[in-house]
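Note sheet for the following structure.
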Number of protein chains: 2
Amino acid sequence: MKTSVVAVEPTGHFCVDCSVRQFSLCAPLDKSEIREFEQLGRQIQFAPCETVFAQEEMTTSFYNLLEGVMRVYKLLPDGRRQIVGFALPGDFLGMSDTARHGFSADAIGPVSVCRFGKSAFSRFAEDKPHLLRRINELAVHELNQARDHMVLLGRRSAEEKVATFLIGWRDRLDQLRGASASVPLPMSRQDIADYLGLTIETVSRTFTKLEREGVIEIIPGGVCLRDPERAAALAAA
Amino acid sequence: MKTSVVAVEPTGHFCVDCSVRQFSLCAPLDKSEIREFEQLGRQIQFAPCETVFAQEEMTTSFYNLLEGVMRVYKLLPDGRRQIVGFALPGDFLGMSDTARHGFSADAIGPVSVCRFGKSAFSRFAEDKPHLLRRINELAVHELNQARDHMVLLGRRSAEEKVATFLIGWRDRLDQLRGASASVPLPMSRQDIADYLGLTIETVSRTFTKLEREGVIEIIPGGVCLRDPERAAALAAA
DNA sequence: CGGGCGATTGACGGTCATCAAGCTGTGTGG
DNA sequence: CCACACAGCTTGATGACCGTCAATCGCCCG
């Protein structure tokens with residue numbers, strides 16, 4: 001088995017052993033709640049590029065990402081794609097305000113998730129204020145990310161977009177695996193383009209430009225930040 | 001006093017009389033809860049263009065919009081602005097995952113809001129699952145809007161952006177005031193531009209183009225949808 | 001009537017998309 | 001071991017869309 005992008009150890013069958021517990025929505029559950037919660041979820045694996053759920057499908061389940069990376073995206077009728085986020089271990093996916101999913105999610109590399117039936121999950125959460133508050137916290141956090149992303153999409157140049165993406169992605173990885181100058185990029189250039197509202201060619205050119213300027217070094221499967229300060233300056237500007 | 005964009009009657013001092021109750025986060029509160037809740041909030045007015053709260057300010061309060069329209073936006077250090085949304089009566093503003101506001105909000109026309117102290121509000125909500133669920137519902141709804149907006153910003157042409165904005169804005173107004181072909185636009189062209197990730201000139205040109213094509217008619221303070229189907233087609237495409 | 005602000009229109013240019021080769025690395029089969 | 005294919009990425013040439021700069025218009029209000 002290939003090594004994962006993020007250094008999270010394989011999880012056992014039980015929540016108590018779960019490596020993403022602390023990052024996850026289940027963090028505030030106490031011992032007896034966790035045991036009950038455990039009964040609701042089933043761990044599932046997905047192969048690279050498999051779809052976990054798709055836009056317009058009926059929402060039957062929620063998903064807690066345990067291992068791997070997923071892309072979360074919306075499609076326009078004519079096929080244009082906007083990736084609204086990359087999900088990492090600990091992220092909770094699938095909440096919707098309608099009966100159907102508003103977006104699709106698929107595995108980038110091999111992925112394992114904890115899957116919960118929607119109604120069972122809802123019944124479980126219904127009367128648990130600490131869990132509901134936790135869900136809120138995650139939702140508000142995602143909202144903030146979403147708004148940052150709107151600024152990026154609406155108001156930044158290609159170079160700023162790429163730099164912002166790299167810094168943001170590195171920061172998220174650092175939270176999971178500890179700091180490092182090397183930034184693995186498991187997603188394709190096309191994924192990055194669709195995340196940044198650019199074309200694959202522009203992304204590629206911008207990477208090359210940043211490399212020529214000594215900001216990054218392009219290595220197989222990712223980049224290495226040679227001048228993190230310059231990159232951060234571009235991202236902040 | 002000028003007539004408001006949205007046909008919501010002036011609110012009294014008391015929640016029971018509140019015209020936006022049903023749209024608002026306080027919808028699920030029962031009679032005795034509402035009386036307690038009433039004590040936490042204070043109704044405040046803002047003049048056109050006044051700032052209700054600003055990015056980076058400490059978060060001391062949350063706001064429930066009662067009347068008027070607000071723009072909610074983020075600024076980059078160099079002054080570029082991205083409007084992340086327009087708020088209408090019933091919208092709840094100010095939640096943040098940090099101690100400071102991540103964005104600014106100001107009144108477009110005259111505005112009245114219900115203001116809640118953050119800690120008092122949090123204490124009140126803390127152990128009320130039905131209220132927490134309601135807050136979740138609102139957050140998930142906003143998240144969906146945010147993701148739709150990302151698609152718009154990242155993957156749509158100027159013409160599609162403007163059409164999508166008009167249709168979306170009309171739909172929101174219709175929910176509050178009932179259907180109508182006329183679409184009041186209380187915000188400036190600059191606001192629209194900053195919402196759509198365009199410049200004011202492009203917005204203006206696109207309005208003119210849509211008018212020439214017979215899709216809309218530009219009237220003082222707004223537009224009239226002459227061919228809603230064509231507009232909707234542009235918005236969906 | 002004149003000042004001022006927001007909106008519109010025009011001319012021009014830059015950034016990024018499009019179209020089209022070429023490149024690189026990886027896996028496959030002779 | 002090398003030829004080959006294939007997919008993903010890079011690079012180049014060209015052009016469109018939209019941003020920039022600047023002038024003008026229209027309207028409100030003094």
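Residue numbering restarts at 1 for every chain, and letters A, B, ... go by the order of the sequence lines.
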Identify every side-chain donor-acceptor pair in residues 230-237 of chain A under 3.5 Å, counting partners at least two apart or on other chains, and give the distances.
none

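- Spacing between atom CD1 of A/I192 and atom C1' of D/dG8 amounts to 12 Å, rounded to whole angstrom units.
- Partners of A/F86 under the ring pair (Phe, Tyr, Trp, His ring centres under 6.0 Å) rule, at least two apart in sequence or in another chain, are A/W169, A/Y195.
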Check the interface with nucleotides 14-20 of chain D: list each N/O to N/O pair with the protein under 3.5 Å, or write none.
{"from": "D/dC18", "atom 1": "OP1", "to": "B/A158", "atom 2": "N", "distance (Å)": "3.0"}
{"from": "D/dG19", "atom 1": "OP2", "to": "B/T199", "atom 2": "N", "distance (Å)": "3.3"}
{"from": "D/dG19", "atom 1": "OP2", "to": "B/T199", "atom 2": "OG1", "distance (Å)": "3.1"}
{"from": "D/dG19", "atom 1": "OP2", "to": "B/T202", "atom 2": "OG1", "distance (Å)": "2.4"}
{"from": "D/dT20", "atom 1": "O4", "to": "B/R205", "atom 2": "NH2", "distance (Å)": "2.8"}

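- When the side-chain hydrogen bond (donor to acceptor under 3.5 Å, both in side chains) test is applied to A/T202, the partners found at least two apart in sequence or on another chain are A/T199.
- Rounded to whole angstrom, the span from the CD1 atom of B/I219 across to the P atom of D/dC27 amounts to 14 Å.
- Distance CG (A/L185) to P (D/dG8): 16 Å, rounded to an integer number of Å.
- The salt bridge (Lys or Arg N to Asp or Glu O under 4.0 Å) test applied to A/R80 returns A/D78, B/E160, not counting sequence neighbours.
- For A/Y73, the ring pair (Phe, Tyr, Trp, His ring centres under 6.0 Å) test picks out no residue, with sequence neighbours left out.
- Rounded to an integer number of Å, the gap from CZ of A/F207 to P of D/dT11 is 12 Å.
- As a whole-Å value, the separation of B/I218 CD1 from D/dC27 C1' is 15 Å.
- Not counting sequence neighbours, the partners of B/R147 by the salt bridge (Lys or Arg N to Asp or Glu O under 4.0 Å) test are A/E142.
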Checklist entry - So A/S204 and A/R189, side-chain hydrogen bond (donor to acceptor under 3.5 Å, both in side chains) or not? Walk me through it. => result CA-CA 7 Å; A/S204 188; A/R189 292 289 191 266; 5.1 Å; no

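- Here C/dA17 presents its C1' atom at 15 Å from CG of A/L196, a figure rounded to the nearest Å.
- Looking at residues two or more places apart in sequence or on another chain, you find a salt bridge (Lys or Arg N to Asp or Glu O under 4.0 Å) between B/D148 and A/K74.
- Taking B/E159 as the reference, B/K209 meet the salt bridge (Lys or Arg N to Asp or Glu O under 4.0 Å) condition, with sequence neighbours excluded.
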Considering only nitrogen or oxygen atoms on both sides, find all protein atoms under 3.5 Å from nucleotides 4-7 of chain C and state each distance.
{"from": "C/dA7", "atom 1": "OP1", "to": "B/R189", "atom 2": "N", "distance (Å)": "3.3"}
{"from": "C/dA7", "atom 1": "OP2", "to": "B/R189", "atom 2": "N", "distance (Å)": "3.3"}

I'd like a table of atom pairs between the protein and nucleotides 25-28 of chain C - only N or O on both sides, under 3.5 Å - with the distance next to each one.
none

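- Taking the ring pair (Phe, Tyr, Trp, His ring centres under 6.0 Å) definition, one finds that B/F53 meets it with B/Y63, B/H101, B/F103, sequence neighbours left out.
- Between B/E67 and B/Q45 there is no side-chain heavy-atom pair separated by less than 4.5 Å.
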